[in-house]
Number of protein chains: 2
Amino acid sequence: MAEDGRSATEIAYKEIRGHLLDRRLPPGAPLREAELASLAGVSRTPVREALRRLDAEGLVELLPRRGARVAPWSEQELEDVFALRLRLEGLGARLAATRASAGEAERLRQLAEAVAIASRRRDARRFDEITRANNAFHAGVLAAAGDDWLRSSVGAVVSRALVRHTFERYRPVDLRRSLAHHHELADAIAAGDPDWAESVMSSHIFAARRVLLSHRAQADRTVAGANE
Amino acid sequence: MAEDGRSATEIAYKEIRGHLLDRRLPPGAPLREAELASLAGVSRTPVREALRRLDAEGLVELLPRRGARVAPWSEQELEDVFALRLRLEGLGARLAATRASAGEAERLRQLAEAVAIASRRRDARRFDEITRANNAFHAGVLAAAGDDWLRSSVGAVVSRALVRHTFERYRPVDLRRSLAHHHELADAIAAGDPDWAESVMSSHIFAARRVLLSHRAQADRTVAGANE
DNA sequence: TGAGCCTAGATTGCACACAATTCGTCGCAG
DNA sequence: CTGCGACGAATTGTGTGCAATCTAGGCTCA
């Protein structure tokens with residue numbers, strides 16, 4: 001757990017972020033520097049720098065002189081995140097349709113297909129692979145948009161949303177719809193139609209919002225419920 | 001230059017940020033930790049933490065093992081920032097119109113008036129005061145929107161845009177239009193009309209974009225030219 | 001019995017020292 | 001004269017120690 005090519009700060013960042021994203025460190029949990037340091041196998045200094053970065057990304061809350069804790073979530077915030085993604089990724093899709101080269105459009109088609117392929121897996125890594133492919137597709141759209149600022153803004157928002165966004169609870173119909181959106185989006189961008197592209201992306205995010213919010217509501221209703 | 005109530009990290013952050021915003025540290029300039037440390041009167045440790053934060057905000061670029069430099073700007077990036085602000089602040093205005101209480105709406109009217117008052121100054125601090133009042137107004141709109149995520153996203157984008165956004169080159173007609181937008185926006189929010197509010201905010205940002213981009217173009221055209 | 005103070009342990013904030021890496025420069029060979 | 005390589009100064013990366021501060025628990029006093 002010691003020697004990597006990566007820097008200690010990056011090791012700490014990745015390690016802590018991983019624990020945040022899969023909820024091994026649940027929202028609201030206190031984060032002590034010494035613990036995280038031994039967890040990542042580095043000293044407190046890189047841990048502190050990683051925490052600063054995670055704070056800037058909104059994944060943790062930094063209270064002066066009182067340490068850090070995993071950023072908590074509210075229903076309202078979750079709604080707000082989707083409203084933000086709607087605007088930002090909508091803009092991204094629009095720009096991509098305007099600026100994408102033929103090669104980039106083709107690449108988006110491949111990335112969309114990659115998500116579909118991942119979704120046909122049936123093994124343990126299925127949802128990890130779907131998530132990875134899905135992220136790659138969305139990153140591809142933003143790359144085609146050619147706006148670094150937009151990309152970093154979306155990255156900041158989505159990295160927070162990622163804590164919630166798991167495909168495990170998608171019903172088959174939801175997943176099929178999501179895949180169809182990807183293909184349609186790739187077509188819209190290839191066609192160079194910004195209105196179409198933005199519209200599809202909006203639908204895509206509205207649909208995701210519905211799935212994740214209803215899942216959350218369901219989970220809240222069945223706190224001590226069945227194992228599902 | 002030593003004893004403050006503030007923490008060393010905050011001193012370093014504010015100090016460096018100040019130098020960035022008023023261009024004492026110009027875009028592209030290299031930032032050496034030791035220099036910044038003696039500049040702020042603290043050690044390298046808090047300087048490093050401040051640089052991480054400024055990197056996350058996009059004001060500086062952090063190159064691994066090669067130090068930091070003031071984030072450079074391109075014409076394209078400037079365009080992109082306005083496209084982003086259009087979406088984000090447009091959303092903020094919409095939410096504010098939906099969620100703002102009567103008291104908040106009234107407060108926005110006061111903030112709009114404060115900008116107008118600042119613009120009537122004729123002393124040396126005129127533009128500083130306009131900037132401060134203008135920021136307060138926009139912050140007020142976002143506060144009324146009640147979306148912390150949106151606020152932090154806008155904060156990230158605008159803090160970068162601030163490097164460019166000076167009121168000094170606004171013509172009288174531009175400034176009057178800007179003030180009118182503020183009042184109209186306050187009215188739209190007070191009326192609880194989200195479409196109106198977003199529309200006004202969009203106009204406001206389009207207008208600002210035109211002023212700052214044309215100013216830039218003009219400045220480029222008259223590099224060795226007349227005194228304006 | 002309860003409220004408030006006070007002490008002790010734990011934790012963060014900061015400075016400093018050293019290790020690792022990079023960049024510039026000088027020398028040498030072709 | 002030019003290109004390549006190696007050395008050295010400068011700069012960043014990381015670990016560690018100490019001081020400041022916060023939290024928790026018990027103790028005192030009303």
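This one's a predicted model, so the numbers in the text were calculated from it and none came from an experiment. Lettering follows sequence order; numbering is per chain, from 1.
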Go through DNA chain D in 5' to 3' direction and return only the first and the last nucleotide with some atom under 4.0 Å of chain A's heavy atoms. dT14(D) to dT23(D)
Which pair of non-hydrogen atoms, one from N134(B) and one from V115(B), has the smallest distance, and what is that distance? N-CG2, 3.8 Å
Tell me: CZ of R32(B) to P of dC23(C), nearest whole Å? 13 Å
I want to check one thing: is the phosphate of dA15(C), taken as OP1 and OP2, less than 4.0 Å away from some side-chain N or O of S43(B)? yes
Is the shortest heavy-atom distance from the side chain of L36(B) to the side chain of L51(B) under 4.5 Å? yes
Distance-only donor-acceptor pairs under 3.5 Å for side chains of residues 63-71 of chain B, two or more places apart:
residue: R69(B); atom: NE; partner: E61(B); partner atom: OE1; Å: 3.0
residue: R69(B); atom: NH2; partner: E61(B); partner atom: OE1; Å: 3.0

Does the plane of the ring in H204(A) sit parallel, tilted or perpendicular to the ring in H138(A)? Use 30° and 60° as the thresholds. parallel
Would the base of dC14(C) count as contacting S7(B) through its side chain, where contact means a donor and an acceptor less than 3.5 Å apart? no
More than 12 non-hydrogen atoms from neighbouring residues, nucleotides or ligands closer than 6.0 Å to CZ on R126(A), yes or no? yes
note: R6(B), atom CZ; dG13(C), atom C1'; distance rounded to Å ~ 16 Å
For R99(B) and D147(B): C-alpha separation, side-chain torsions, deciding distance, then whether side-chain contact (heavy atoms from CB on, under 4.5 Å) applies. CA-CA 10 Å; R99(B) 300 177 178 173; D147(B) 181 339; 4.3 Å; yes
Ignoring hydrogens, what is the shortest heavy-atom contact between L111(B) and A136(B)? Give both atom names and the distance. CD1-O, 3.7 Å
By the 4.0 Å heavy-atom rule, please label L51(A) as base, sugar-phosphate, or nothing. nothing
Check the distance between dT22(C)'s C1' and E33(B)'s CD and give it to me in whole angstrom. 14 Å
Residues within residues 60-69 of chain A bordering DNA chain D, heavy-atom distance below 4.0 Å: R65(A), R66(A)
Spacing of R44(A) atom CZ relative to dT12(C) atom P, expressed in whole Å: 7 Å
So, E104(B) side chain and S101(B) main chain: donor-acceptor pair closer than 3.5 Å or not? yes
